[in-house]
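What follows is a single structure, written as structure tokens, with notes after it.
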Amino acid sequence: MTTQVSQRPQLQHLTDQLNELKTRGTHFRLRVLDDVQAPVCTYDGKKVINLASNNYLGLTAHPKLREAAIEATKKYGVGSGAVRTIAGTMKIHMELEEKIARFKNVEACVVFQSGFTANAGTVSSILGKEDFIISDELNHASIIDGARLSRAKIKVFRHKDMAHAEELLKEVAGEPGRKLLITDGVFSMDGDIGPVDKLCDLADKYGAIMMVDDAHASGVLGRNGRGSVDHFGCHGRVDVQVGTLSKAIGSLGGYVCGSRDLIDFLYHRARPFLFSTSHPPSVTATCMAAFDLLESEPERIDRLWENTRYFKGELGKMGFDIGGVTTPASETPITPIIIGDGRMTMDFSKALFDAGVMATGIAFPTVPEGKARIRTIMTSEHTREQLDQALETLDRVSRKLGIRG
Ligand SMILES: *Cc1c(COP(=O)(O)O)cnc(C)c1O
């Protein structure tokens, strides 16, 4: 029997919407990685220079992390068997959390299955419908979803506009509800840094809870990759720090750092913690090894920033719009090349791929209409030769498509 069950009319609206994406030129297929996530690897059978991964420090394939995962699997098996609150808290889970708390210089830490669930689970549980969330307009989707789930009233300030943020805080200052001021540490589509220090001043002035999502800052900003709070010297001023284990740390997961009571509260109320199974031992052991590496191989972070400065500088010299005019200026290893038109962006990305460079096209609704872009991300492991080859390809393909003169 090889009959395939075809779609029934009940889902026709999905097909209609997909057809609309195809008409607009922004429909995509998933690119499939055939080997290891690395600066040069094979997608869909084609060898390319990879400018698309969040593997900032090259840890996804680090021998020490592989070894840690294998050892933990041999010792403890492949699964935790339950959610954390029932029977799925393993000793190794507690050890990782203690390690992260020490690293971040906070009282306590809790690890979630992903950065997404860390944000959504935290924002939705620490506030209720009488409260207010004051949020940067470019904050990550997981913050937005958490805010909606909390049923708190959401006030959105223009990107990094401190006067606007203050105006919103003033507006609700007389209201009885709690206020949460929230920003990304590094904005994932533009690569600019959130003004954590200035937001801390506002949070102090208006008695707001201060929260930072450091997904792209973990392992990238601050001493040994301690994140944006360390970068700005704001220790003790941020009530809730979220980080990810899925990007620079090289594996999977998210964490929340803060006071002992914040963490204890999340144990009791954060729904992804309560209702979704904890990490397998291999993931947890991998993350432990990664935090050791942040301390023992800090030169990876230095190399990441060296590559970033070089690549960003060259892109600028070539005359690409790398932000700063109509969009924020990147300050981190994420460098967007702003194209504007969605279809043109997707065509550029595809032509780059055919020419041996993997750089993702990102269009509406992930970024605003008219701000479509190619997003490039540096890692510590790219060699100068690879970067030069990628730059040469970007130059050649963009001219061919008439994106630059
Ligand atoms: C990637 C990302 C997340 C989600 O992290 P995952 O661990 O991949 O779920 C959260 N916030 C921001 C800003 C991100 O870029």
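Each ligand, and each atom within it, is numbered from 1 in the order the structure gives.
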Enumerated ligand 1 atoms positioned under 4.0 Å from heavy atoms of [X]:
X: Thr244; answer: 5 (O), 6 (P), 7 (O)
X: Ser246; answer: 6 (P), 7 (O), 8 (O)
X: Ser114; answer: 7 (O), 9 (O)
X: Ala215; answer: 2 (C), 3 (C), 10 (C), 11 (N), 12 (C), 13 (C), 14 (C), 15 (O)

Under-4.0 Å salt bridge between [X] and [Y]:
X: Lys46; Y: Asp354; value: no
X: Asp201; Y: Lys205; value: no
X: Glu297; Y: Arg300; value: yes
X: Asp192; Y: Lys160; value: yes

Item to check | Ring centroid separation His159 to Phe187 under 6.0 Å | outcome: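 Yes, close enough.
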Next on the checklist: Using ring centroids (six-membered ring only for Trp), state whether Phe273 and Tyr267 fall under 6.0 Å.
Outcome noted: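 For Tyr267 and Phe273, the ring centres are under 6.0 Å apart.
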Next on the checklist: Would Gly253 count as a contact residue for ligand 1, given that I'm defining contact as a non-hydrogen atom of the residue lying under 4.0 Å from a ligand atom?
Outcome noted: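 Heavy atoms of Gly253 do come under 4.0 Å of ligand 1.
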Checklist entry - Ser142: heavy atom below 4.0 Å from ligand 1, yes or no? => result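 Yes.
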Next on the checklist: I need the Glu95 CD to Thr284 OG1 distance, nearest 0.5 Å.
Outcome noted: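 Output value for this atom pair is 10.0 Å.
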Kindly confirm or rule out an N or O of [X] lying under 3.5 angstrom from an N or O of ligand 1.
X: Phe116; result: yes
X: Gly115; result: yes
X: His216; result: yes

Item to check | Mode of Asn119 contact toward ligand 1 - side chain, backbone, both, neither (heavy atoms, under 4.0 Å) | outcome: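 Asn119 to ligand 1: side-chain contact only, backbone stays beyond 4.0 Å.
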Item to check | Lys153 to Phe132 six-membered ring, cation-pi geometry met (6.0 Å, 45°) | outcome: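 Positive - Lys153 is close enough to the ring of Phe132 and near enough to its axis.
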Checklist entry - Of the protein's non-hydrogen atoms, which lies at the shortest distance from atom 14 (C) of ligand 1, and what is that distance? => result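 Ranked first by proximity to atom 14 (C) of ligand 1 is Lys247 NZ, 2.8 Å.
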Checklist entry - Considering only heavy atoms, which of Asp213, Ile334, Asn54 lies nearest to atom 13 (C) of ligand 1? => result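 The residue whose heavy atom sits nearest atom 13 (C) of ligand 1 is Asp213.
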